[in-house]
Amino acid sequence: MRFAPSPTGFLHVGSVHTALFTWLFARHNKGSFILRIEDTDVERKVEGSIEAIMDGLRWLGLEWDEGPEVGGNYGPYFQSQRLELYHEAARRLVSQGDAYYCYCSPDRLDEMRAEQVRRKQPPGYDRLCRDLDQTERDRMEASGITPVVRFKTPLEGKTGFKDIIWGDIEFDNSTLDDLVLLKSDGYPTYHLANVVDDHAMEISHVIRAEEWVSSTPRHILLYGALGYQPPYFAHMPLLVGPDRAKLGKRHGAVSVTEYRELGYMPEAMLNFLALLGWSLDDKTEIFSREDLINNFSLERVSRTAATFNHEKLKWMNGLYIRNLDLDDLTRRALPFLDTGLPLEVKRPLSIEYVRQIMPLIQERMREMAEVTDLAHFFFSEELSYESELLIGKGMNQESALQALKVSRNRLGEMTGFDTESLEVLLRPLADELGLKTGQLFGVLRVTVTGRAAAPPLFQTMAVLGRDLCLRRIEAAIEKLG
RNA sequence: GCCCCCAUCGUCUAGAGGCCUAGGACAACAGCCUUUCAAGCUGUAGACAGCGAUUCGAAUUCGCUUGGGGGCACCA
């Protein structure tokens, strides 16, 4: 099996979806997973995208058995390094009479198509050059035109194939036009290159997105003309946005890099993507990589396009985060804190301190990048919040001020400063002050964290430490007074 | 316009003639827990696109309609 992206930018989640299913199929069946770079479009090639693709796949753990940087017996794995193979195939097809040189200019083709659309005809090459004789060809050659090679599609008959996911699909050859195989710049089109390579690399199963269904008959025809046995085809359901159109940039984050930077875990990403167009049964939805490999089958892939639901991904990522052990969580969160926290915060961050904070915010994170916002008050000296926030329901400035002053004194006299002693001290204190526990705790929470919603108070204070807590109480008293 | 395909809660899906008064999950809503926010637990609401046909019986089979998508490049 192979995953064959073209290096035209970032690694798209749709591509990863296909890569994942291909990889799962390969792993499940003990086949090999090949990465092949389809760099046959010089114009659209984007610098650095090959690295982005490889980085992305590796981050997700979709390791390839053959391909760039790993090698293999069927290389090279860049189509731009395999041009001779395509030329040879094209020459053979021409000499067999299954392909021909076409001298039509792009301008003529554009006009032709515009005219066809105007007349509401299906657009397609009009086969002007299909039956050129030798003298006409010589004349064209002499005028300096570099021809393209086009496939001589049979005019009649039907071409069908059995798709593992879709079943039997059949096309009338009359609806297919003479596609270009070799471009005038000497590069092959996808159609030629993919057929030649899939055969040369002994690909048994071609797994790709649904958008390729309509060009599959052309490929079948090509395999036939070349005398090759076609592989099995499995077309995957498309990933779409909320408007049901093919997932694209306008739908928000579509590159794996973006998700990585937001703090999505590869495990969650794969789990989520696997459930788009595939399911095991009516209840299982949390799968480890191994579970996926063990249970995957193309027969259970659905045919309907799936909406990429960010909300569910977020939920699932949160679930994975909650399942992390302390060390793992700390290790993964550290880089996000490092880049996300304000410059004033001293670096390097104390791993021990971060370790103490993590349990307090673990169940509140859904994207790892949220760690910065959730934990910033553990690091910043100054807190900024509106003083009204200190005055809770049923309280006024005076009672808040008094609560703070008394708390300051008591806290200062404490011997220990752990969660339990804080609770033992503070809980009765509310009563003494004539406040409900919620009121007292509320004032202190805002004082100590700068916000109304935060992790449990006593634990938070214990981590912050007595000094910082007292300084913040002073600051709050000042704010109110 | 032509070709190909798809159609179960808002979303992801289970369902391959009776197990379906259609199951699960996200999201929503309500309650419980609770010092806030989360997390967790419990519950509520929510779908077989429509119409015909086959059948004792249809979400499941067939046809039509409607809706949606994909493709129709010297891009992949």
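Here is how names work: the chains are called A, B, and so on, in the same order as the sequence lines, proteins then strands, and each is numbered from 1. All heavy atoms count here, side chains included; hydrogens, waters and symmetry mates do not.
Taking the ring centre of A/Tyr125 as origin, the terminal cationic atom of A/Arg150 falls inside the region bounded by 6.0 Å and 45° from the ring axis. For the pair A/Lys314 and A/Phe272, the NZ or CZ position fails the cation-pi test of under 6.0 Å to the six-membered ring centre and within 45 degrees of the ring normal.
Within the 4.0 angstrom heavy-atom criterion, no nucleotide atom of any strand lies near A/Pro7. Among the atoms of the strands shown, none is found under 4.0 Å from any heavy atom of A/Cys102. Residue-level contact check: A/Phe272 touches neither bases nor backbone, having no heavy atom under 4.0 Å from any strand. Using a 4.0 Å heavy-atom distance criterion, A/Pro456 is classed as a base contact. In this structure, A/Val148 reaches the bases: a heavy-atom distance under 4.0 Å links it to at least one base atom across the strands shown. Among the protein residues, A/Arg364 comes within range of the nucleic acid bases, having at least one heavy atom under 4.0 Å from a base atom.
When each of A/Phe441 and A/Asp168 is assigned the nucleotide of RNA chain B bearing its nearest heavy atom, the one mapping closer to the 5' terminus is A/Asp168. Comparing A/Gln121 and A/Leu182, the nucleotide of RNA chain B nearest to each residue sits closer to the 5' end for A/Gln121.
Distance check, rounded to the nearest 0.5 Å: NZ of A/Lys158 to OG of A/Ser174 gives 8.0 Å.
Residues satisfying the side chain to side chain donor-acceptor pair (under 3.5 Å) criterion with A/His310, sequence neighbours excluded, are A/Tyr259.
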Nucleotide N/O to protein N/O under 3.5 Å, stretch nucleotides 13-23 of chain B:
| from | atom 1 | to | atom 2 | distance (Å) |
| --- | --- | --- | --- | --- |
| B/rU13 | OP1 | A/Gly277 | N | 2.5 |
| B/rU13 | O3' | A/Ser279 | OG | 3.2 |
| B/rA14 | OP1 | A/Ser279 | OG | 3.1 |
| B/rG15 | OP1 | A/Arg300 | NH1 | 3.1 |
| B/rG15 | OP1 | A/Arg300 | NH2 | 3.3 |
| B/rG23 | N2 | A/Asp282 | O | 3.3 |

For nucleotides 58-67 of chain B, print each protein N/O atom paired with a nucleotide N/O atom at under 3.5 Å, atom names and distance only.
none

Quick one: which protein N/O atoms are closer than 3.5 Å to N/O atoms of nucleotides 46-49 of chain B? Pair and distance per line, please.
none

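Within the structure, ring pair (Phe, Tyr, Trp, His ring centres under 6.0 Å) contacts touching residues 157-178 of chain A (residues at least two apart or in different chains) are A/Phe161-A/Phe233.
Separation of the C1' atoms belonging to B/rC56 and B/rC32 is 49 Å when rounded to the nearest angstrom. Distance noted for atom P between B/rC9 and B/rA47: 9 Å (whole Å). Here the separation of B/rG52 from B/rU60, taken at their P atoms, is 14 Å to the nearest Å. Spacing of C1' atoms, B/rG10 relative to B/rA45, comes out at 12 Å, to the nearest Å. Rounded to the nearest Å, the gap between the P atom of B/rG63 and that of B/rA27 is 40 Å. B/rG50 and B/rA39 are spaced 44 Å apart, taking the C1' atom of each and rounding to whole Å. When the P atom is used for both B/rA7 and B/rA14, the distance is 11 Å, rounded to whole Å. Going from the P atom of B/rC62 to that of B/rU54 covers 15 Å, rounded to whole Å.
Residues A/Tyr190 and A/Asp41 have side chains that never bring a donor and an acceptor to within less than 3.5 angstrom of each other. Side-chain polar atoms of A/Tyr100 and A/Asp178 form a donor-acceptor pair below 3.5 angstrom. Looking at A/Ser49 and A/Arg44, their side chains never bring a donor and an acceptor atom within 3.5 Å of each other. Between A/Asp172 and A/Thr175, the side chains place no donor N or O within less than 3.5 Å of an acceptor N or O (distance only, hydrogens not considered). Between the side chains of A/Asn194 and A/Arg2, at least one donor N or O lies within less than 3.5 Å of an accepting N or O.
Look at B/rG57: it lacks any Watson-Crick or wobble partner with both distances under 3.5 angstrom. With both pairing distances under 3.5 Å, B/rA16 is matched to nothing as a Watson-Crick or G-U wobble pair. B/rG52 is paired with B/rC62 under the Watson-Crick or G-U wobble criterion, all donor-acceptor distances under 3.5 Å. Remark: B/rA25 base-pairs with B/rU11. Criterion, Watson-Crick or G-U wobble with two distances under 3.5 Å. The partner of B/rU42, taking Watson-Crick or G-U wobble pairs whose two distances both stay under 3.5 Å, is B/rA30.
Remark: A/Asp243 engages A/Arg250 in a salt bridge, criterion side-chain N to carboxylate O under 4.0 Å. Taking 4.0 Å as the cut-off between side-chain N and carboxylate O, A/Arg332 and A/Glu367 do not count as a salt-bridged pair.
Atom CG of A/Asp172 is separated from atom P of B/rC72 by 19 Å (rounded to the nearest Å).
Contact of A/Arg303 with B/rC6 (side chain to base): no donor-acceptor pair of N or O atoms is detected under 3.5 Å.
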Can you give each donor-acceptor pair under 3.5 Å made by side-chain atoms of residues 451-466 of chain A, sequence neighbours left out, with the distance rounded to 0.1 Å?
| from | atom 1 | to | atom 2 | distance (Å) |
| --- | --- | --- | --- | --- |
| A/Arg451 | NH2 | A/Asp373 | OD1 | 3.4 |
| A/Thr460 | OG1 | A/Pro455 | O | 3.4 |
| A/Thr460 | OG1 | A/Pro456 | O | 2.6 |
| A/Arg466 | NH1 | A/Leu411 | O | 2.8 |
| A/Arg466 | NH1 | A/Met414 | O | 2.8 |
| A/Arg466 | NH2 | A/Met414 | O | 3.0 |
| A/Arg466 | NH2 | A/Thr415 | O | 3.2 |

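Side-chain atoms of A/Glu210 lie closest to B/rG69 of the nucleotides B/rA25, B/rC3, B/rG69.
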